[in-house]
Chemist: 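Structure incoming, see below.
Because only heavy atoms are used, hydrogens play no part in the values below, and waters and symmetry mates are left out as well, while side chains stay in. Ligands are counted one by one from 1 in listed order, and the atoms in each one are counted from 1 as well.
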Amino acid sequence: MSEKEAGFSSHVVVFLFLILLAGRGIAGLGDKEVVVKLKRFLQSNNKIYSGGYARWNEADPTPCRWPGVTCNDDERVTGIDLSDSSISGPMFVGFSNLTELEHLDLSDNTIDGRLPPDLNQCGGLRYLNLSQNLLDEELNLTGLVNLRIVDLTSNRFEGEIRGKFQAMCANLVLLNISANNFTGEITGSFDECPNLQYLDLSTNKFTGEIWKGFAKLREFSMADNNLTGEILSETFPSNCSLEFLDLSSNKLAGELPDSVANCSKLEHLNLWNNSFSGAIPSGIGELAKLQRLFLGSNRFHRKIPEELLNCKELVYLDLSENNFGHEMQGIFGRLVTLQSLTLQENYYSGGIESSGILKLPDLFTLDLSFNNFSGELPVEIAAMPKIMYLMLAYNNFSGSIPPEFGSIAGLQVLDLSYNRLTGRIPPELGKLRSLLWLMLANNRLSGEIPPEMGNCSSLLWVNLAGNKISGRIPSEISRMGRDPDPTFQANRRGISVGSLSGQCPSMTRWIPVNYPPFNFIYTLLNPKRCQTTWDLILKGHNYFPTCASSNSQVITVPFSGYLQLTGNVLSGEVPQEIGKMRFLRLLYLDGNQLSGNLPAEISSLPLVVLNVSCNLFSGQIPSEIGSLRCLNSLDLSRNNFSGELPMSLNQLSELNQFNVSFNPLLSGVVPATGQIATFGNDSFIGDPLISYSSPSSYPSPPPTFGNSSTVYLGTSRSKVGFWIPFVVSFLVFGVASFVICLRIRTLVSIVSRILTIENFVTRSSDHRS
Ligand SMILES: *[C@@H]1O[C@H](CO)[C@@H](O)[C@H](O)[C@H]1NC(C)=O
Ligand SMILES: *[C@@H]1O[C@H](CO)[C@@H](O)[C@H](O)[C@H]1NC(C)=O
Ligand SMILES: *[C@@H]1O[C@H](CO)[C@@H](O)[C@H](O)[C@H]1NC(C)=O
Ligand SMILES: *[C@@H]1O[C@H](CO)[C@@H](O)[C@H](O)[C@H]1NC(C)=O
Ligand SMILES: *[C@@H]1O[C@H](CO)[C@@H](O)[C@H](O)[C@H]1NC(C)=O
Ligand SMILES: *[C@@H]1O[C@H](CO)[C@@H](O)[C@H](O)[C@H]1NC(C)=O
Ligand SMILES: *[C@@H]1O[C@H](CO)[C@@H](O)[C@H](O)[C@H]1NC(C)=O
Ligand SMILES: *[C@@H]1O[C@H](CO)[C@@H](O)[C@H](O)[C@H]1NC(C)=O
Ligand SMILES: *[C@@H]1O[C@H](CO)[C@@H](O)[C@H](O)[C@H]1NC(C)=O
Ligand SMILES: *[C@@H]1O[C@H](CO)[C@@H](O)[C@H](O)[C@H]1NC(C)=O
Ligand SMILES: *[C@@H]1O[C@H](CO)[C@@H](O)[C@H](O)[C@H]1NC(C)=O
Ligand SMILES: *[C@@H]1O[C@H](CO)[C@@H](O)[C@H](O)[C@H]1NC(C)=O
């Protein structure tokens, strides 16, 4: 080929190329081809589920009206939105061929693997959302210099952050890389991003000192990393523009500098779970717009600055888990805008009335649990106009529950567990139509369960374990929790309902820990998700598992309630009306003196757990129990059941805990196959009339609830105080059932007393160390 020819042919190539480009420019044909390739790629990787792309009709002249595709006036594709489209498999290669692409949203799928280098050539991208996927390895977006908004939340990206954003951040306004595995120090990485306003680096593995330049942002979250060192005074310069600052769950120490006063636009300040010490700086009083202040789980000391009164918009105040003690400071009663006050896990011993907190006009959450309060419960609580969530657990309150508590019209949570309350449950509590939780466990309450409790139509979650409650279970109780919907509806209409501090200590106390079907909820109760989980539960979104039994009959109930009456002295028969409690998923009646037949009506409940061990039940085990398709745990041990072990139990395909031990009159043959055959001898100890169909075929028993609690307890928890509820429930519900029944109650109260006292001891040593 001569030079001339070569020149000519290269001209032809360029010419053809230009025609091609022009053609694409006019008709968008090239873009259509790419989008069709995208569709086919997605279809080949997702054979079962498909998203909106399945409706992309290839016969259409342009892709511009396909769902999720946007174009400009020239019919060039400028946006692809495939969020929440059930896409799995690797990322499509070829987005860079859409040369006008500005907006790419692939969030909320299960795309995995690493980002193809092709993406780094989409130089026109302004918006990139890859959040909620399984993308991993190192990130390289250096070519995307026009990006304004980048959301990579919840993936598996890793590696040092240094060098990843410096070169491309000229236009960056929002960067969210929360919940990944990024490492290293951030210092310097964002100094040269002139437009950056929202930066979320939370839940990664960043180390070293905090980046000193963050005060130029509007929003900065560094929560849940491994930062150390102090915050220097110059970090908050006079032109600080922060509105939202979250440094929770790091290892920052030293004093919070008074210069925080410069950040006069701050609305949200979260320093929860660090090692800050010294006084709360009076400069906080300059933050006139501050609404939410979380200082819990630090080592701030007793003086709360008067200047805090200048924060005229403060609604949430969390000072839990600090070294505050003695009388509650009077300043709390003057923070009249407060809606939520959480002071749990301190050492306060008085001042509930004198501080004036009970007169705060807008307070709807008050958590004073894990303190050192004693004496009678203040009756003034009944006059709090807006109180909805009242937590006074783990103190030393004594005397009886004031009947006036029954007139707190809006009350949804009443948690008085682990105190020394005596007397009977006041029948007036039956007036609490909005009550969802009633936690009175581990007190010294006596008398009968008032039938009026049946009027608590929202009450789904009841724990009265470890008291001295006697008499029969009233049949009226079956009306309890029959219709919680009005309360949930009201909560859905309201704005954000509750506020708990990071650890969700009360929630972990309220949700049964020790049964496997509920274990999953603890992964949801991390500090990050606690607030939303709590919010959803209060709005009646069913967070508890539904049961898909192996014969594919899915059993759903809109709400999952429980009734926990373990370790009392209840007697008489269980009323057959109990079968009407249509939302009851867990029923614990163990460790009482209940007698007579177990009513067959129990089988109309959507039960997951049924524990009636350590009672005086007699007669046949109702064969109807075999229709409780979702039953995971059935404990009938230590009673006087007689007759044949019903073969219907063998249909309980979900059952993984089963115990009929110590029913000496129970007879029958343990089948060789089926669900019951999966349990070992320990399920039948002390049943001399039970025989085995084939003695060689007993497998070892599946993990019992004791084991699963141990597994949970085995996870690392730094604070002993946090363990206590788990330990106690484990002991109360796990170990206690092996101890001679009639002693349960004393054991429960001894154990709880030891642990409550020990809790104070360990906590004080914890704080000292
Ligand atoms: C993108 O363009 C290149 C050539 O420029 C081509 O090889 C590739 O197949 C195209 N990819 C798609 C998905 O269209
Ligand atoms: C990214 O997508 C998620 C899920 O679709 C969405 O919730 C989030 O707001 C988006 N992020 C941004 C910055 O738009
Ligand atoms: C990132 O990609 C660009 C080209 O797209 C390349 O030049 C650069 O070396 C890559 N950086 C890393 C760290 O791989
Ligand atoms: C982070 O990396 C660790 C191992 O280094 C891994 O166990 C963990 O699952 C990763 N987390 C995420 C969110 O990818
Ligand atoms: C980052 O994403 C998380 C999870 O979606 C969200 O909660 C957070 O508000 C986002 N941060 C910013 C600054 O948008
Ligand atoms: C946190 O950082 C320290 C050093 O500063 C290191 O020893 C420790 O392993 C880190 N912890 C985690 C969970 O990354
Ligand atoms: C804030 O003040 C510092 C000097 O104190 C200056 O360097 C910086 O540019 C200022 N930032 C803004 C956003 O004005
Ligand atoms: C408190 O912060 C530390 C350090 O970042 C973290 O390891 C721990 O899990 C946090 N505690 C809770 C209860 O989140
Ligand atoms: C505000 O920042 C300036 C420096 O920009 C500093 O000198 C001053 O002390 C700060 N204000 C307060 C109340 O600390
Ligand atoms: C708790 O209060 C009692 C008095 O009621 C007091 O003797 C005890 O020292 C207090 N404990 C702590 C840890 O403050
Ligand atoms: C609780 O109060 C009783 C007196 O009512 C007292 O004997 C006991 O020491 C207190 N317990 C704690 C832990 O303060
Ligand atoms: C409350 O319960 C009691 C006893 O069950 C009943 O007699 C009474 O009528 C109920 N009150 C209302 C207002 O429903």
Chemist: Of Leu252, Asn250, Leu227, Thr228, which has the heavy atom at the shortest distance from atom 4 (C) of ligand 8?
Modeler: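 Considering heavy atoms of Leu252, Asn250, Leu227, Thr228, the nearest to atom 4 (C) of ligand 8 sits in Asn250.
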Chemist: Could a heavy atom of Gly430 be found less than 4.0 Å from some atom of ligand 12?
Modeler: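 No, Gly430 has no heavy atom closer than 4.0 Å to ligand 12.
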Chemist: For Tyr127 and Asn129, test the side chains for any donor-to-acceptor distance below 3.5 angstrom and give the result as yes or no.
Modeler: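 Yes, because at least one side-chain N or O of Tyr127 sits under 3.5 Å from a partner of the opposite role on Asn129.
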Chemist: I'd like to check atom 2 (O) of ligand 12 in this structure: does the protein have a heavy atom lying under 4.0 Å from it?
Modeler: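 Given the 4.0 Å cut-off, atom 2 (O) of ligand 12 counts as touching protein heavy atoms.
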Chemist: What I want to check is whether the side chains of Asn322 and Asn346 have a donor and an acceptor closer together than 3.5 Å.
Modeler: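 Looking only at side-chain atoms, Asn346 and Asn322 do not form any donor-acceptor pair under 3.5 Å.
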Chemist: Side chains of Trp272 and Asn298 only: does a donor on one sit below 3.5 Å from an acceptor on the other?
Modeler: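 No, because no side-chain N or O of Trp272 sits under 3.5 Å from a partner of the opposite role on Asn298.
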Chemist: Report, in ascending order of atom number, the atoms of ligand 8 lying under 4.0 Å from any heavy atom of Asn225.
Modeler: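 Result: 5 (O).
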Chemist: Can you pull out the closest protein heavy atom to atom 5 (O) of ligand 12? Residue, atom name and distance to 0.1 Å, please.
Modeler: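 Answer for atom 5 (O) of ligand 12: Glu476 CG, 3.6 Å.
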Chemist: Does Met453 reach ligand 12, in the sense of a heavy atom lying below 4.0 Å from it?
Modeler: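 So Met453 does not count as touching ligand 12.
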Chemist: Relative to the heavy atoms of Asn120, which atoms of ligand 3 are at a distance of less than 4.0 Å?
Modeler: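 Once the distances to Asn120 are compared, the set is 1 (C), 2 (O), 3 (C), 4 (C), 5 (O).
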Chemist: Check whether Asp118 reaches the backbone of Phe95 with its side chain - one donor and one acceptor, N or O, closer than 3.5 Å.
Modeler: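 Answer holds: yes.
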Chemist: Indicate, with yes or no, if the rings of Phe294 and His268 have centres closer together than 6.0 Å.
Modeler: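 Ring centres of His268 and Phe294 closer than 6.0 Å.
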Chemist: What residue and atom, counting heavy atoms only, is the protein's closest point to atom 6 (C) of ligand 12, and at what distance?
Modeler: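 The closest heavy atom on the protein side is Asn455 ND2, 4.4 Å.
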Chemist: Can you tell me which residue and heavy atom of the protein come closest to atom 13 (C) of ligand 12, and the distance to 0.1 Å?
Modeler: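 Its nearest protein heavy-atom neighbour is Arg433 NH2, 3.6 Å.
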Chemist: Hey, does Trp272 come in under 3.5 Å of ligand 8, counting only N/O atoms on both sides?
Modeler: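 No, Trp272 has no N/O under 3.5 Å of an N/O on ligand 8.
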Chemist: Closest non-hydrogen protein atom to atom 10 (C) of ligand 3, residue and atom name please, with distance?
Modeler: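 The closest heavy atom on the protein side is Asn140 ND2, 2.4 Å.
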Chemist: Scan side-chain atoms only and decide if Thr487 and Ser458 contain a donor-acceptor pair under the 3.5 Å cut-off.
Modeler: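 Side-chain D/A pair, Thr487 to Ser458: present.
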Chemist: Just by modelled atom types, is the Asn455 backbone N or O under 3.5 Å from a matching donor or acceptor in the Arg433 side chain?
Modeler: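 Here the side-chain-to-backbone pair exists.
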Chemist: Mind listing the closest non-hydrogen atom pair of His301 and Phe324 along with its distance?
Modeler: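 For His301 and Phe324, the tightest heavy-atom pair comes out as O-CE2, 2.9 Å.
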